[in-house]
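Convention: sequence-line order gives letters A, B, ...; per-chain numbering from 1.
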Amino acid sequence: MGRRLLGLVFVYSLALALALVVYATGSLQPPHEIKRLGVFYVEETFFGNMTAMSPEAVTAIVWDYRGLDTVYETAVFFLAVVAGLAVFRVSKTPPLKRGVGLTEISRTSTKIVAALIVVVSASIALHGHLTPGGGFQGGSTLAIAPLLVIPIFSYYALLARRLTPGLLVTLRGLALTAIGLVALLPVFKGLEVVTNIRFYPAYILGQLVSGSLLLYNSSEYIAVASGFAAVFLYLSFEEEFHEEERGEDHE
Amino acid sequence: MSEAGLVWSLLVGLLAVNLLVSVYGIIYGRSLTKKLISLTIFSDTVYVFFIMVGYRLVYPTVPPVYVELTRDQLEYLAKHAVDPVPQALVLTGIVIGMAVNALIGFGIIQAYRLKKTVTARELVGFEEVE
């Protein structure tokens, strides 16, 4: 224990010494201006000639100006989840049992909180082009709902409602196909891949939807949430079940 | 020489040490899980550096989001908003980082299931599994 404390003291002293050296040289000051590129994005995101029609500059960069990058990023995330599930090699789901779950108090409060999580996450995702947030953030929030349900009600509660890993992975595949389609559709009209405002309408029924940004955000929302939920479900299966699965693999 | 400069230097010092500690953890951590935790600390520290690069010291500092869709707001944001580029890069980085971490996590769980250990030296056979 003494050695750990000594290490901690040493590390903090090192940080302090480094900070004092940096301060004494006066070479590092917080900037008062941002880079020209940043100003360009802030100015162009809604009013400029190269507008993405989004009041939120970060979403505009992520899904419009650097949209191709994000499409690849989504592909990487998808492949990681698929690779993880492939490592587990679970082909079927455990047989349904009837569990009691935790106490009445925790079950009731979880029901209320889970409903709230769904609403908040949908708001984060669907307002992604207007306020800070977006598909990934909303999807990660939504994935908390099954993560809460699994320990409180047991994963049988999800399986009994047909929320199986197979369905979730299928949902994820469909949402990713939607992202790919939204990115590719402009090509058929002779435009570049991931074209936004020149192909998709900025306003629908008087509501600002920022072209493809809303479509990307909502698809990413479903993709991320179902991907995480599938992973959580696989991780919550009992170790005995995984052993049985492996045993059958070897035979 | 200002208070802001001192706080800035302190942040840089702490982050630099954070990087060192996480690299130490990645190299010398015995268990793969601890190596993974160190890796996440490393990447998170890099993200904070990114966000620092995009910060600007003006009053008030605002996020690059239009509160109202007017030309006045545009001029206000050009003078007060932080840089949106590092934020977008960090967002991409977080997603990729999480994908990689999840994959490594799966690998560690599977290694434990097959070999009943997550200690790096035991996994490669340099030490006996206890």
Tell me, side chain or backbone of [X] under 4.5 Å from chain A's heavy atoms, or both, or neither?
X	result
Val7(B)	neither
Pro64(B)	both
Val95(B)	both
Leu11(B)	neither
Ile104(B)	neither
Leu89(B)	side chain
Ala78(B)	both

Over all atoms of both residues, closest heavy-atom pair of [X] and [Y]:
X	Y	answer
Val65(B)	Thr131(A)	CG1-CA, 4.4 Å
Ile34(A)	Gly54(B)	CG2-O, 3.7 Å
Tyr41(A)	Pro84(B)	CB-CG, 4.0 Å
Arg56(B)	His32(A)	NE-O, 3.5 Å
Ser2(B)	Gln29(A)	OG-OE1, 3.8 Å
Tyr55(B)	Pro31(A)	O-CG, 3.0 Å

Which answer fits [X], side chain, backbone, both or neither, if we ask what part of it has an atom under 4.5 Å from a heavy atom of chain B?
X	answer
Phe228(A)	side chain
Phe136(A)	side chain
Tyr12(A)	side chain
Thr45(A)	side chain

Of all of [options], which one pairs up most often with chain A through heavy atoms under 4.5 Å apart?
options	answer
Ile94(B), Leu69(B), Val100(B)	Leu69(B)
Thr92(B), Val58(B), Leu77(B), Leu15(B)	Thr92(B)
Thr70(B), Thr61(B), Val53(B)	Thr70(B)

Discussion item. Counting heavy-atom pairs under 4.5 Å with chain B, which one of Ala80(A), Ala60(A), Gly84(A) comes out on top?
Written reply: Gly84(A)
Fill in: From Thr74(A) atom OG1 to Ile96(B) atom CD1, the distance as rounded to the nearest 0.5 Å
8.5 Å
Discussion item. More than 12 heavy atoms of other residues, nucleotides or ligands under 6.0 Å from CZ of Phe50(B): yes or no?
Written reply: no
Discussion item. Quick check on Tyr24(B): does its OH atom have over 12 non-hydrogen neighbours (other residues, nucleotides or ligands) under 6.0 Å away?
Written reply: no
Do [X] and [Y] have side-chain heavy atoms sitting under 4.5 Å apart?
X	Y	answer
Leu91(B)	Gln137(A)	yes
Ile61(A)	Gln87(B)	no
Tyr66(B)	Leu130(A)	no
Leu10(B)	Leu16(A)	yes
Phe46(A)	Leu74(B)	no
Val231(A)	Phe106(B)	yes

